[in-house]
Peer 1: 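My structure is below; once you've seen it, I'll send some questions.
Keep in mind the model is a prediction, meaning the values are calculated, not measured. What's counted below: heavy atoms across the whole structure, side chains too, no hydrogens, waters or symmetry copies.
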Amino acid sequence: MSCSSTRKPSCSRSEHRAANRKQLSPVNDFPRGSGPVPMVSEAGGEPEDGPAGHRQPQDPDRRAEGPGRKRAGRDLPAAIGVGLGLGTVILASLFVHKPVFVVVIAAAVVVGLWELTSRLAERSQLRVPLVPLAAGGAATVVAGYLSGADGALIALGATILAMLVWRMTQRPENYLRDVTAGVFVAFYVPFLATFVALMLTAGDGPQRVLTFLLLTVISDTGAYAVGWRFGKHKLAPRISPGKTREGTAGAVVSAMAAGALCMELLIDGGQWWQGLVLGLAVAVSATVGDLGESMIKRDLGIKDMGTLLPGHGGIMDRLDSILPTAPVAYLLFLAFVGAG
């Protein structure tokens, strides 16, 4: 015998309450023994497939989309304002005095290291020594500018050695895990950033750095604009559900067009076809870098690496596509127009 929401004399009070709970609870729509109930996102999207039915953090690049509408997931006015401010600082330091821009690179490295090591400590209990990494990372960038690749490699080796010794002053538990993470951090942030300093040493160094940064930004912007308007097919849904194949095509086309113009107009001895190759390589490396940091964020269960830049997140959230693109751009400039 079953009870409806209207009380009948044949139903006991406890049976009546149980019937009401069954009608109101969506959990009862799922059969017993079928596993955890999936968590559905507030935007009405796919279930969040977290372990044991727990809600997983939204992907850093995922947009909340409802039927027939799309909207950006960040504070666009703040993002534009911060972007313009960063661009002003970069241009002023880049073309006024090269060493000032080296200081800007070193400062970005130190802040990026602080953000990354802080998130590793909070989310994975990895005790990566910040002090030797920050000091050595800044020294690696400066050594790359003053002494070239050889000086940068020596400084990087000294940084890793100092990090190993520094960690020895703490308890030995998880030593191998912590120093392995420290070596990864050293290569991921200061080592890759040093290629920007190496680009700067050329006679037309500021123009090379400007071209590299412009192409990276244009690639990201093209991917966002085209993906937002036309994106339908996911590029890597398990890593970054917000990225689409259409957006990637937009990144490639926009970066190649900008590359052809920049090589002809900004780079001494550059040719338009070299810009096409450079733009393609930048679009690919920037996308891979963006996906790589998205993978790190997913592993840590976070949306952003920091909150320093309103509308953007942290410094590392802006360096995600820049860092892996720097060595690619440096090597292509070296192949196309030489060391300068």
Peer 1: List for me each residue that meets side-chain hydrogen bond (donor to acceptor under 3.5 Å, both in side chains) alongside His97, sequence neighbours excluded, and say none if there are none.
Peer 2: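 None.
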Peer 1: Do Leu91 and Ile267 sit in one hydrophobic cluster, given that two such residues count as connected whenever their side-chain heavy atoms are within less than 4.5 Å of each other, even indirectly?
Peer 2: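 Yes, Leu91 connects to Ile267 through the hydrophobic network.
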Peer 1: Which atom pair, heavy atoms only, marks the closest approach of Asp178 to Glu173?
Peer 2: OD2-O, 4.4 Å
Peer 1: Within this structure, what is the CG-CG distance for the pair Leu116 and Leu300, rounded to the nearest 0.5 Å?
Peer 2: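 Rounded to the nearest 0.5 Å, the CG-CG separation comes out at 8.0 Å.
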Peer 1: Verify side chain to side chain donor-acceptor pair (under 3.5 Å) between Asp290 and Ser321, making sure each step is shown before the conclusion.
Peer 2: CA-CA 5 Å; Asp290 206 349; Ser321 55; 5.8 Å; no
Peer 1: In the single-linkage hydrophobic clustering (I, L, V, M, F, W, Y; side-chain heavy atoms under 4.5 Å), do Phe184 and Leu161 co-cluster?
Peer 2: no
Peer 1: Given side chains that start at C-beta, do those of Tyr175 and Leu164 come closer than 4.5 Å, heavy atoms only?
Peer 2: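 With C-beta onward as the side chain, the pair touches.
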Peer 1: For Gly144 and Thr194, work out which heavy atoms get closest and say how close.
Peer 2: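 Shortest heavy-atom separation between Gly144 and Thr194 comes out as CA-CG2, 4.0 Å.
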Peer 1: Answer yes or no: is there a donor N or O on one side and an acceptor on the other, between the side chain of Thr244 and the main chain of Gly231, under 3.5 Å?
Peer 2: no
Peer 1: Using the rule given for side-chain contact (heavy atoms from CB on, under 4.5 Å), can you reason through Asp204 versus Leu266, listing the C-alpha separation, both sets of side-chain angles and the distance that settles it, and then say yes or no?
Peer 2: CA-CA 9 Å; Asp204 60 346; Leu266 296 178; over 6 Å; no
Peer 1: Applying side-chain contact (heavy atoms from CB on, under 4.5 Å) to Tyr188 and Glu293, what does each step give before you reach the verdict?
Peer 2: CA-CA 10 Å; Tyr188 183 41; Glu293 182 146 323; 2.8 Å; yes
Peer 1: Applying side-chain contact (heavy atoms from CB on, under 4.5 Å) to Leu276 and Met263, what does each step give before you reach the verdict?
Peer 2: CA-CA 9 Å; Leu276 295 178; Met263 286 297 289; over 6 Å; no
Peer 1: Does any non-hydrogen side-chain atom of Arg127 lie less than 4.5 Å from one of Arg171?
Peer 2: yes
Peer 1: If I take atom CG from residue Asp304 and atom OG1 from residue Thr307, how far apart are they, to the nearest 0.5 angstrom?
Peer 2: 8.5 Å
Peer 1: Do the charged groups of Asp299 and Arg123 touch, with an N to O distance under 4.0 Å?
Peer 2: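 Salt bridge absent between Asp299 and Arg123.
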Peer 1: Ignoring hydrogens and angles, tell me if any N or O in the side chain of Lys243 forms a donor-acceptor pair with the backbone of Thr248 under 3.5 Å.
Peer 2: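 No; judged by distance alone, with no hydrogens or angles, the pair does not exist.
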Peer 1: Atom CZ of Arg208 and atom CG of Leu198: how far apart are they, to the nearest 0.5 Å?
Peer 2: 11.5 Å
Peer 1: Nearest 0.5 Å, what's the OG1-OH distance between Thr201 and Tyr145?
Peer 2: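 Thr201 OG1 to Tyr145 OH: 8.0 Å, rounded to 0.5 Å.
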Peer 1: Going by heavy atoms in the side chains, are Trp166 and Leu133 under 4.5 Å from each other?
Peer 2: no
Peer 1: Are side-chain heavy atoms of Thr211 and Leu278 found at a separation under 4.5 Å?
Peer 2: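 Of all side-chain heavy-atom pairs linking Leu278 with Thr211, at least one is under 4.5 Å.
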Peer 1: Counting C-beta onward and ignoring hydrogens, is there a side-chain heavy-atom pair between Val209 and Phe101 closer than 4.5 Å?
Peer 2: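 In short, these two side chains touch, coming nearer than 4.5 Å.
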Peer 1: If you define the side chain from C-beta out and look only at heavy atoms, does anything of Val217 sit under 4.5 Å from Ile322?
Peer 2: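 Contact flag for Val217/Ile322 side chains = no.
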Peer 1: Test side-chain contact (heavy atoms from CB on, under 4.5 Å) on Leu120 and Val185; report intermediate values, then the result.
Peer 2: CA-CA 10 Å; Leu120 290 174; Val185 170; 3.9 Å; yes
Peer 1: Kindly write out the residues that satisfy side-chain hydrogen bond (donor to acceptor under 3.5 Å, both in side chains) with Gln271, not counting sequence neighbours, or none if the list is empty.
Peer 2: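 So Gln271 forms a side-chain hydrogen bond (donor to acceptor under 3.5 Å, both in side chains) with Trp273.
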Peer 1: Quick one: closest heavy-atom pair of Val196 and Ala326, and the distance?
Peer 2: CG2-CB, 3.7 Å
Peer 1: Under the 3.5 angstrom rule, does the side chain of Arg167 hit a backbone N or O of Val179 as a donor-acceptor pair?
Peer 2: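 A pair under 3.5 Å: no.
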Peer 1: As an exercise, state the distance from CZ of Arg318 to CG of Leu86, rounded to the nearest 0.5 Å.
Peer 2: 9.0 Å
Peer 1: Side chain of Arg298, backbone of Ile302: donor and acceptor closer than 3.5 Å?
Peer 2: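 No: the side chain of Arg298 does not pair with the backbone of Ile302.
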Peer 1: Which value, rounded to the nearest 0.5 Å, describes the distance between Cys262 atom SG and Leu210 atom CG?
Peer 2: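 It is 7.0 Å, given to the nearest 0.5 Å.
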Peer 1: Answer with yes or no whether the hydrophobic clustering places Leu156 together with Leu113; edges join I, L, V, M, F, W, Y residues whose side-chain heavy atoms lie under 4.5 Å apart.
Peer 2: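 Yes, it is one cluster - the side chains of Leu156 and Leu113 are joined through contacts under 4.5 Å.
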Peer 1: With hydrophobic residues grouped by side-chain heavy-atom distances under 4.5 Å, do Phe333 and Trp272 end up in a single group?
Peer 2: yes
Peer 1: Where is the tightest heavy-atom contact between Thr140 and Ala152, given as atom of each residue plus distance?
Peer 2: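 Heavy atoms only, the tightest pair is CG2-O, 3.6 Å.
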Peer 1: Return the set of residues passing side-chain hydrogen bond (donor to acceptor under 3.5 Å, both in side chains) with Ser285 (not counting sequence neighbours), or none when no residue passes.
Peer 2: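 Partners of Ser285 by the side-chain hydrogen bond (donor to acceptor under 3.5 Å, both in side chains) criterion, ordered by chain and then number, come out as Thr325.
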Peer 1: Just so I know, are the side chains of Leu323 and Phe191 near enough to count as touching, which here means a heavy-atom distance under 4.5 Å?
Peer 2: no
Peer 1: Any link between Leu214 and Val253 through a network of hydrophobic side chains (Ile, Leu, Val, Met, Phe, Trp, Tyr) touching at under 4.5 Å?
Peer 2: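 No; Val253 is not reachable from Leu214 via cluster members.
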Peer 1: List the atom of Gly314, the atom of Glu115, and the distance in Å for their closest heavy-atom pair.
Peer 2: CA-OE2, 3.2 Å
Peer 1: Which pair of non-hydrogen atoms, one from Met316 and one from Gly112, has the smallest distance, and what is that distance?
Peer 2: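 Closest approach of Met316 to Gly112, heavy atoms only: CG-O, 3.5 Å.
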Peer 1: Would you call Val282 and Met256 a side-chain contact if the rule is heavy atoms closer than 4.5 Å?
Peer 2: no
